[in-house]
Amino acid sequence: MAAFAELERLNPAQREAVLHTGGPLLILAGAGSGKTRVITAKIAYLIREHGVDPRSILAVTFTNKAAAEMRARSSAMEPAAADVMIRTFHSFGAWLLRRNAAAAGLDRGYSIYDDDDVVSLLRTIYRDEHRGTLGGYARLISRAKDYGLRPGDDLSAISSDPELAGIYGSYQRRLDEIGNVDFGDLILKPVELLRSDEAIRRRTRQRYRFVLVDEYQDSNVAQYELLKQLCDETTYLCVVGDDDQSIYRFRGAEVRNILTFSESFPRTTIIKLEQNYRSTGPILELASSVVRHNLGRLGKTLWTDRAGGQEPTVALLRDQDEEVDYCLDLITREPGETAILYRTNAQSRLFEQALIRAGIPYRIVGSLRFYEREEIKDALAVLKLCANPRDEVSFRRIVNKPARGIGTKSLETVADLLSGCAGDLLEATEAAAAELSRKAGASALAFVSIMRRARQSLGRGKLSEFTESLVRELGLWELHAEGRDPIVAGSKVENLEEFVNAASLYPATGEGLAEFLELVELDRSREADETLDAEVTLITMHNTKGLEFDRVIVTGLEEGLFPRGGDEDPDEVEEERRLFYVAVTRARDALYLTSCSYRRLHGRVMELVPSRFLNEIPAELVHEATTGHRRLTGGVTDEYPVGSAVYHDDYGMGVVASSRHNGTDLVVQVRFETGRVATFLPRYTPLEKVSGDDW
DNA sequence: GTCAGAAGGTTTTTT
DNA sequence: ACCTTCTGAC
């Protein structure tokens, strides 16, 4: 057996994680601790040293980018790793459903509805509701699915709205009739399939003897349930994650999954990776000093053997204009790779304007919404209707675009005939043609015939040509090419060309079509190409996960902006604190934190107090740069130390969760034994300090 | 069907 | 402030 050289390059904890066998393994991998390296080495090691069949390994990630990186790096170590099943949770779900379509009650040509499509489908059911209202229900339905809940389940944890169950039920019934799935179904349906079909469950468990999960802290309840179905006592399950980096709660991520992993999976071994290879000591100390204030964490402390490093700087500025100047000054005075991080996308504008004015190239991450553009959604709808003639959402989008006289009344006629045609919209439209006016009937038949001909032509040629000629035949190409504004029209045509080009790798077959649609729906990350070599990156903190930069500027550290929201929901504040932790641990060498006294928000100037996160950093860990407007108010107070016990007459015993000055008052947040969390101003509310011996 | 003006609402967003 | 969505008039 060939020696596995990669082992030599690992630190002891990393090596232990790679070599571990037996029961479930939880790898708590701090930021920059070489997590991907461990997981890919583990895959390579299993194959090479244990002779494991690569096809019996399933590695699950959350993003396509992470999956691609894992595939590349494990294959570089061990070529046979190319046969490992490395996919995102959703793509694995889609694969499983496609493979077991009949058992899952689906047609193999099913397609996937994105969030917009979900709202459109709700709209076909509730014609008179406002889009905004339906958007709200779409979010609730999606959240319910994140928690593995179906319409009949107790939805009170999602919303107290009594309408939700009914709307969710109608939505799901209609979605199932159409035969498509939404993102939530890509997890939930596989769970249900594995639960109910013993043969498929056994077969799947027999195939995947090794299951590895990356970024486990971002998993939701439904994904946890999928893991439970995939694994039995003989499956080797290894999850890697960092509870301190769980920042997608609003999307249903459940940090408790990782906090309670060892209870859910008995005999779990926990290995902590705490050596950081990215940042300087002072940056790590700052990061730890803040995230330490979170109560709900497993606890680990990053360290580095990198010597030295400059002290992070806190810049207290007057307003956002000064903030922009401050950042640009840093960049021009000392060029180098720099990322400007912000909490909300709206903050990027001023930076962008200033960078353009200064002639500094930059790249902005995450604002490209290619697949949400009108012309692309139109082309997608055409393909989706081809793949599934029951797809009402796609049908409605394109049947009268460009206008061909098929209006509301015609569509009602079609809808009435739908059930007699097994939901097939082309058949129903054809049948409806006879009942319509001459003109509407004729164009309805023309539309049906184009779509039918296209469907029959599947089986030969390239999908790119298929797509282009169909979009042209339907008149959509021309519609977009001849819009009022020639510049807009030009870019629409370019986008359509790019879309068509993306399809060129696929054959024009039913299978190729389904595969292409799946790729498009599940992988919308598209690099904003062009200025990839720019030294300056503008990016939301959420988007920085997994990235690193020489110099990082975290902007907008103000109460109300970051953390956003007030003290109402302590879990929310803890999530924001984790986001802060993610943000600052992106920095390799230099870290700057900026906070403004005034900020224009929603059109008015607000006076803001520095973020509590700044007050949580011990003064000796930062260099304070001010422009004379303000100093950090209060600072860390030791009057109610975090973690100390207090007693309240009504709530009983509790532990101090946070304590800070908001400028005028001391604000103390307490988590009580009952689980309740409340915020007090000790100036008004008596809070008795209790010494450790008393309880 | 289109367009201007009003009204409304505003985090983050892997899939 | 700004952007999307709704509305009513043509």
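Just so it is clear, the model here is predicted, and its values are computed rather than measured. The analysis underlying the following values was restricted to heavy atoms, covering all of them including side chains, and did not include hydrogens, waters or symmetry mates. Chain identifiers are assigned alphabetically (A, B, ...) following the order of the sequence lines, protein sequences preceding nucleic acid strands; residue numbering begins at 1 within each chain.
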State whether the number of non-hydrogen atoms from other residues, nucleotides or ligands found under 6.0 Å of Arg256(A) atom CZ is greater than 12. no
Side chain of Arg343(A) (C-beta onward), nearest among dT10(B), dT14(B), dT12(B): dT12(B)
Integer angstrom distance from the C1' of dC3(C) to that of dT14(B): 25 Å
Earlier contact from the 5' end, DNA chain B, for Ala403(A) and His542(A): Ala403(A)
Do the ring planes of His542(A) and Phe250(A) sit parallel (below 30°), tilted (30 to 60°) or perpendicular (above 60°)? perpendicular
What protein N or O atoms touch nucleotides 4-8 of chain B N or O atoms at under 3.5 angstrom, if any, and at what distances?
none

Whole angstrom is fine here: how far is it from CZ in Arg577(A) over to P in dT11(B)? 21 Å
Side chain of Arg564(A), base of dT12(B): donor and acceptor closer than 3.5 Å? no
Examine dG1(B): is either OP1 or OP2 under 4.0 Å from a nitrogen or oxygen in the side chain of Asn400(A)? Give yes or no. yes
Would you indicate, yes or no, if dT12(B) has its OP1 or OP2 atom less than 4.0 angstrom from a side-chain nitrogen or oxygen of Asn543(A)? no
Under the 5.5 Å and 30° test, is Phe250(A) stacked on the base of dT12(B)? yes
If I take atom OH in residue Tyr342(A) and atom C1' in nucleotide dT10(B), what distance separates them, rounded to the nearest angstrom? 17 Å
From CZ of Phe62(A) across to P of dT12(B) the rounded distance in Å is 21 Å
Crowding at CZ, Arg127(A) (>12 non-hydrogen neighbours, <6.0 Å): yes
Are Arg249(A) and Asp569(A) close enough for a salt bridge, meaning some N to O gap below 4.0 Å? yes
Stepwise, does the side chain to side chain donor-acceptor pair (under 3.5 Å) test hold for Asn495(A) with Glu375(A)? CA-CA 8 Å; Asn495(A) 289 334; Glu375(A) 63 278 16; 2.8 Å; yes
Does a side-chain N or O from Asn345(A) land closer than 4.0 Å to OP1 or OP2 of dT13(B), or not? yes
Can we call the ring centroids of Phe613(A) and Phe562(A) under 6.0 Å apart? yes
Pick the closest DNA chain B nucleotide for Gly405(A) and for Glu576(A) by heavy atoms, then say which residue is nearer the 5' end. Gly405(A)
At 4.0 Å (heavy atoms only), tell me whether Arg349(A) reaches a base, stays on the sugar-phosphate, or touches nothing. sugar-phosphate
Looking at CD of Gln223(A) and CD of Glu254(A), how far apart are the two atoms once the value is rounded to the nearest 0.5 Å? 11.5 Å
Taking only the C1' atom of each, what is the distance from dT11(B) to dC6(C) in whole angstrom? 24 Å
On the nucleotide dT13(B), are OP1 or OP2 found under 4.0 Å from the side-chain N or O atoms that Thr540(A) carries? yes
Roughly how many Å apart are dT12(B) and dT5(C), using the P atom of each and rounding to a whole number? 15 Å
How many whole angstroms separate atom NZ of Lys65(A) from atom P of dT13(B)? 14 Å
Nearest whole Å is fine: how far is dT15(B) P from Arg524(A) CZ? 10 Å
Can you tell me the distance, in whole Å, between the CZ atom of Phe92(A) and the C1' atom of dT15(B)? 15 Å
Tell me whether the count of non-hydrogen atoms from other residues, nucleotides or ligands lying under 6.0 Å of CZ in Arg139(A) goes above 12. no
Heavy atoms of other groups near Gln353(A) CD, more than 12 under 6.0 Å: yes
Whole angstrom is fine here: how far is it from OH in Tyr248(A) over to P in dT14(B)? 6 Å
Over how many whole Å does the gap from Leu538(A) atom CG to dT12(B) atom P extend? 15 Å
Look at the side chain of His90(A) and decide which nucleotide, out of dT15(B), dT13(B), dT12(B), has an atom nearest to it. dT15(B)
Taking atom types as modelled, is there a side-chain donor on Ser111(A) or Asn388(A) under 3.5 Å from an acceptor on the other? no
Using ring centroids (six-membered ring only for Trp), state whether Tyr126(A) and Tyr171(A) fall under 6.0 Å. no
Chain A reaches DNA chain C, atoms under 4.0 Å from its heavy atoms, from dA1(C) to dC6(C)
Looking only at side-chain N and O atoms, does Asn64(A) come under 4.0 Å of OP1 or OP2 in dT15(B)? yes
